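Keep in mind the model is a prediction, meaning the values are calculated, not measured.
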There are 2 protein chains.
Amino acid sequence: MNIGEAAEQSGVSAKMIRYYEQIGLVSAPRRTDSNYRVYGDDEVHVLRFIKRARTLGFSVEETGTLLALWRDKTRASAEVRDIASTHIEALETKIAELQGMVKTLSHLVHCCHGDNRPDCPILDDLAGAPARKGH
Amino acid sequence: MNIGEAAEQSGVSAKMIRYYEQIGLVSAPRRTDSNYRVYGDDEVHVLRFIKRARTLGFSVEETGTLLALWRDKTRASAEVRDIASTHIEALETKIAELQGMVKTLSHLVHCCHGDNRPDCPILDDLAGAPARKGH
DNA sequence: ATAGACCTTCCAACGATGGGAAGGTCAATG
DNA sequence: CATTGACCTTCCCATCGTTGGAAGGTCTAT
């Protein structure tokens with residue numbers, strides 16, 4: 001199949017498939033006489049693996065590691081679990097960070113009357129005004 | 001003061017101050033005869049505003065809008081609140097997304113025995129194997 | 001033959017930041 | 001006065017993952 005169909009079947013855009021090939025995440029496929037890339041079910045399977053890993057927030061590099069482990073039948077699953085666990089920690093750190101932002105902003109929005117008066121606690125906060133107590 | 005001190009006082013790196021100037025987020029400051037940028041407390045105040053907005057996860061573009069509203073004494077605070085509310089929604093969407101990843105990954109890690117056997121539910125999942133029921 | 005839907009490579013952009021080179025300037029010291 | 005080291009200037013490049021487009025070749029159907 002051509003790259004377009006491989007893209008459709010894997011959920012990875014043709015652009016990205018070429019990019020993944022370029023950076024060595026996937027190997028270069030066979031070409032037709034007219035230089036078209038030709039993919040089979042195996043390649044699509046790999047692309048789907050990549051798509052899923054990316055969806056789960058693994059970086060392309062981490063995805064490459066997971067892919068190598070996937071292909072390595074003798075790997076220790078502990079290694080995979082470590083990568084996943086580390087990744088979960090990173091995700092949770094990010095979540096906590098975003099939640100901190102939401103908390104601060106929610107407080108400010110709550111304090112902001114939101115009518116047409118120019119007085120605005122949100123801008124006051126951004127400008128560095130000391131927070132008033134008791135909401 | 002020079003850019004270095006402005007950076008130190010505002011928490012925005014000298015690199016970024018120049019970048020913000022380049023993209024028009026802040027206006028070009030006065031220069032000395034030797035072409036050094038000269039900043040005063042007002043500029044530092046603006047930079048701190050920017051720093052705070054960025055820390056709260058606003059994009060540089062959103063920060064520019066907030067900055068304009070800050071300078072506009074006649075603005076409606078409702079407008080600011082809308083920007084903040086929209087931003088909170090975006091943050092919460094992102095959080096939910098990350099939490100979905102964590103949930104899936106946690107489940108997989110939980111299912112993964114993590115010893116030296118090559119059988120690994122995480123890789124099975126990434127490879128698209130149907131999930132087994134009852135953990 | 002021609003249209004239009006594919007494919008190819010190459011180049012650039014995004015957003016925000018950091019790194020570094022090559023060179024000018026300032027302050028303090030020997 | 002000269003040197004040193006810390007600062008400043010502009011300019012270009014890299015990151016990460018992805019998308020867009022241009023310019024051109026190929027395939028299929030009418």
Side-chain angles (χ1 to χ4, degrees), chain A residues 1-26 28-40 43-44 46-67 87 90-91 94 97-98 101, chain B residues 1-26 28-40 43-44 46-67 87 90-91 94 97-98 101:
Chain A
M1 77 189 80
N2 285 340
I3 198 171
E5 200 185 337
E8 201 174 344
Q9 284 193 25
S10 65
V12 180
S13 73
K15 282 273 189 192
M16 290 311 298
I17 295 176
R18 293 193 197 98
Y19 171 70
Y20 290 152
E21 178 186 328
Q22 188 197 319
I23 64 173
L25 185 60
V26 300
R30 192 169 65 79
R31 301 280 188 133
T32 65
D33 290 346
S34 54
N35 208 29
Y36 282 20
R37 287 170 179 83
V38 180
Y39 297 92
E43 283 93 342
V44 169
V46 168
L47 288 170
R48 269 208 285 257
F49 181 104
I50 292 171
K51 176 70 178 179
R52 179 96 174 102
R54 300 283 301 122
T55 300
L56 286 172
F58 288 99
S59 70
V60 168
E61 193 179 358
E62 286 169 327
T63 302
T65 305
L66 291 172
L67 206 45
H87 186 52
L91 289 174
K94 187 74 188 167
E97 204 176 298
L98 294 177
M101 294 179 194
Chain B
M1 78 189 78
N2 284 342
I3 197 171
E5 200 185 337
E8 201 175 346
Q9 285 193 23
S10 65
V12 180
S13 74
K15 280 272 188 191
M16 290 313 296
I17 294 177
R18 293 192 197 98
Y19 172 70
Y20 290 153
E21 178 185 329
Q22 187 197 319
I23 64 174
L25 185 62
V26 301
R30 192 169 66 79
R31 300 280 187 131
T32 65
D33 290 345
S34 54
N35 207 30
Y36 282 21
R37 287 170 180 83
V38 180
Y39 297 92
E43 283 94 341
V44 169
V46 168
L47 289 171
R48 269 206 286 257
F49 181 104
I50 292 171
K51 177 67 179 181
R52 178 93 173 108
R54 298 284 302 119
T55 301
L56 285 173
F58 288 100
S59 70
V60 168
E61 193 180 359
E62 286 168 328
T63 301
T65 305
L66 291 172
L67 205 45
H87 184 53
L91 290 174
K94 187 73 188 167
E97 207 174 296
L98 295 177
M101 294 179 195

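Going from atom CD1 of A:I23 over to atom P of D:dG17 covers 7 Å, rounded to whole Å. Residue B:K51 contributes atom NZ, which lies 7 Å from atom P of C:dT17 at whole-angstrom precision. A straight line from OH of A:Y19 to P of D:dG17 spans 6 Å, rounded to a whole angstrom. Between A:N35 atom CG and C:dC6 atom C1' the separation is 14 Å, expressed in whole Å. D:dT9 atom P lies 5 Å from atom CD1 of B:I3, rounded to whole Å. The CZ-P distance, from A:R30 to C:dT8, rounds to 13 Å in whole Å. Look at CZ on A:F58: it is 17 Å from C1' on D:dG17, rounded to the nearest Å. Straight-line distance from the CD atom of B:E21 to the P atom of D:dC11: 12 Å, rounded to whole Å.
Below the 3.5 angstrom threshold, one finds a donor paired with an acceptor across the side chain of A:Y36 and the base of D:dG25.
Side-chain proximity of A:K15 to the nucleotides C:dT25, C:dC10, D:dG17 is greatest for C:dC10. Comparing C:dT25, C:dT9, D:dT18 by their nearest atom to the side chain of A:R31 picks out C:dT9. Comparing D:dT26, D:dG17, D:dC8 against the side chain of A:R54 picks out D:dG17 as the nearest. Of all nucleotides listed (D:dT18, C:dG24, C:dT8), C:dT8 comes nearest to the side chain of A:R18. The A:M16 side chain lies nearest to D:dG17 when the options are D:dG17, C:dA16, C:dT8. Relative to the side chain of A:S13, the nucleotides D:dT9, C:dT8, D:dT19 differ in distance, and D:dT19 lies closest.
The phosphate of D:dT18 (OP1 or OP2) has a side-chain N or O of A:Y20 nearer than 4.0 angstrom.
In terms of position along DNA chain C, the nucleotide closest to B:E61 lies nearer the 5' end than the nucleotide closest to the other residue of the pair B:E61 and B:T32.
B:E97 and B:K94 are joined by a salt bridge, as a carboxylate oxygen and a charged side-chain nitrogen come within less than 4.0 angstrom of each other.
Here the CE atom belonging to B:M1 is positioned 10.5 Å from the CD atom belonging to B:E8, to the nearest 0.5 angstrom. Here the CD atom belonging to B:E61 is positioned 9.5 Å from the CD1 atom belonging to B:I23, to the nearest 0.5 angstrom. The CZ atom of B:F49 lies 5.5 Å from the CG atom of B:L66; values are rounded to the nearest 0.5 Å.
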Decide yes or no on side chain to side chain contact (heavy atoms under 4.5 Å, CB included) for B:R18 and B:I3, but give the supporting numbers first.
CA-CA 9 Å; B:R18 293 192 197 98; B:I3 197 171; 3.6 Å; yes

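As judged by a 4.0 angstrom heavy-atom cut-off over every strand, A:R37 is placed among residues touching the sugar-phosphate backbone only. Residue B:S59 is in sugar-phosphate contact alone, with no base atom involved, counting any heavy-atom pair closer than 4.0 Å across all strands shown.
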